[in-house]
Student: 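Pasting a structure below so you can have a look.
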Amino acid sequence: MADPRLFPSGSNSSGDRYGAASAPGRRKYNPYHDLSTPYSYQTLYDLPTSPEFLFQEESAAQRRSWGENLTYYTGVGYLSGAVAGAALGLREAAAGAEPGDTAKIRANRVLNSCGSNGRRFGNRLGVIGLMYAGMESAMVAARDRDDWINSVAAGLGTGALFRAANGPRSAAVAGAIGGVLAGAAMAGKQLAKRYVPAI
């Protein structure tokens, strides 16, 4: 039997411990009642869902920071290179298979070939993404402007720097290829923004 001191006159033990379903005349328990907060406790945890900026100019610039840019291009480069290298390794392993091989030897050949090629291509494209992101962020910081010139210059510099050890002619050709690829990517991005509806 419940202690009558816990449930005085007209209340019973069927309600919850804060009096939500108790008899009339009882109030709900409010943990913020004795706190002198300058605003309502209901808005205490009403946090904004959009990003907050210190200056209005920051909200107008729709751009990743240099750290996010570096992480994004390096990660995308490494992942796409690893997938492409693994696919190439799978093709090489299938071409090098011999009729008398057991399933274990074939699986070993596939794993070795996919791992070796995936690692090699992933590292190359990851380094290219790292250099491109660094050069593009440096161009944005130097020019204080974000436009297609930064991307094309970063593509030129990345290609030239990546092939610089093979001589000036190879560096010039690779720089031209990098600039053309970066320009094509920027043109494709602008066309996609204009003609592809937002999903």
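Computed from a predicted model, the values in this text were never measured in an experiment. Counting from 1, the numbers follow the sequence of the chain as shown. These values consider heavy atoms only, across backbone and side chains, with no hydrogens, waters or symmetry-generated copies.
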Student: With rounding to the nearest 0.5 angstrom, report the CD1 to OG1 distance, Ile177 to Thr158.
Tutor: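 Reported to 0.5 Å precision, the distance equals 13.5 Å.
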Student: Quick check on Arg124: does its CZ atom have over 12 non-hydrogen neighbours (other residues, nucleotides or ligands) under 6.0 Å away?
Tutor: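 No - once you tally the heavy atoms of other residues, nucleotides and ligands closer than 6.0 Å, there are 12 at most.
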Student: Looking at Asn117 and Ala87, would you say the former's side chain and the latter's main chain have a donor-acceptor pair under 3.5 Å?
Tutor: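 Pair absent, no side-chain N/O of Asn117 close to backbone of Ala87.
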Student: Which atoms form the tightest heavy-atom contact between Arg106 and Glu98, and what is the distance?
Tutor: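 Looks like NH2-O, 3.5 Å.
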Student: Determine whether Tyr78 and Val83 fall in the same hydrophobic cluster, where Ile, Leu, Val, Met, Phe, Trp and Tyr are linked whenever their side-chain heavy atoms lie under 4.5 Å apart.
Tutor: no
Student: Could you tell me whether the side chain of Asn108 and the main chain of Lys104 form a donor-acceptor pair under 3.5 Å?
Tutor: no
Student: Working to the nearest 0.5 angstrom, can you tell me the gap between Trp66 CH2 and Thr71 OG1?
Tutor: 8.5 Å
Student: Let me confirm one number: the CD1-OG1 distance from Ile128 to Thr74, rounded to the nearest 0.5 Å.
Tutor: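 Going from the CD1 atom of Ile128 to the OG1 atom of Thr74 covers 11.5 Å.
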Student: Please find the pair of heavy atoms, one from Ala164 and one from Ala171, that lie closest to each other, and give the distance.
Tutor: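 Scanning both residues completely, I find the closest heavy atoms to be CA-CB, 4.0 Å.
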Student: Please list, chain by chain and in numerical order, all residues satisfying salt bridge (charged side-chain N to carboxylate O under 4.0 Å, His left out) with Arg109, sequence neighbours excluded.
Tutor: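 For Arg109, the residues satisfying salt bridge (charged side-chain N to carboxylate O under 4.0 Å, His left out) (neighbours in sequence not counted) are Asp101.
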Student: Roughly how far apart are Ser151 OG and Leu181 CG, rounded to 0.5 Å?
Tutor: 12.5 Å
Student: I'd like to know if the side chain of Ser80 and the backbone of Gly77 have a donor-acceptor N/O pair within less than 3.5 Å.
Tutor: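 Flag set: sc Ser80 to bb Gly77 pair under 3.5 Å.
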Student: Which pairs count as ring pair (Phe, Tyr, Trp, His ring centres under 6.0 Å) when at least one residue sits in residues 83-134, sequence neighbours excluded?
Tutor: Tyr73-Tyr132
Student: Taking all non-hydrogen atoms of both residues into account, name the closest pair between Gly89 and Ser113 and its distance.
Tutor: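 For Gly89 versus Ser113, the nearest heavy atoms are O-OG, 2.8 Å.
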Student: Check for me, please, whether Leu70 and Leu125 land in the same ILVMFWY cluster - side-chain distances under 4.5 Å, paths through other members count.
Tutor: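 No, Leu70 does not connect to Leu125 through the hydrophobic network.
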Student: Taking Met135 as the starting point, is it possible to reach Val127 by hopping between hydrophobic residues whose side chains are less than 4.5 Å apart?
Tutor: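 Both belong to a single hydrophobic cluster.
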Student: Does Arg143 have any salt bridge (charged side-chain N to carboxylate O under 4.0 Å, His left out) partners at least two apart in sequence or in another chain, and if so, which?
Tutor: Asp147
Student: State, to 0.1 Å, how close Gly175 and Leu156 come at their nearest heavy-atom pair, and which atoms those are.
Tutor: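 Scanning both residues completely, I find the closest heavy atoms to be O-CD2, 3.0 Å.
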Student: List the atom of Ala86, the atom of Cys114, and the distance in Å for their closest heavy-atom pair.
Tutor: O-SG, 3.3 Å
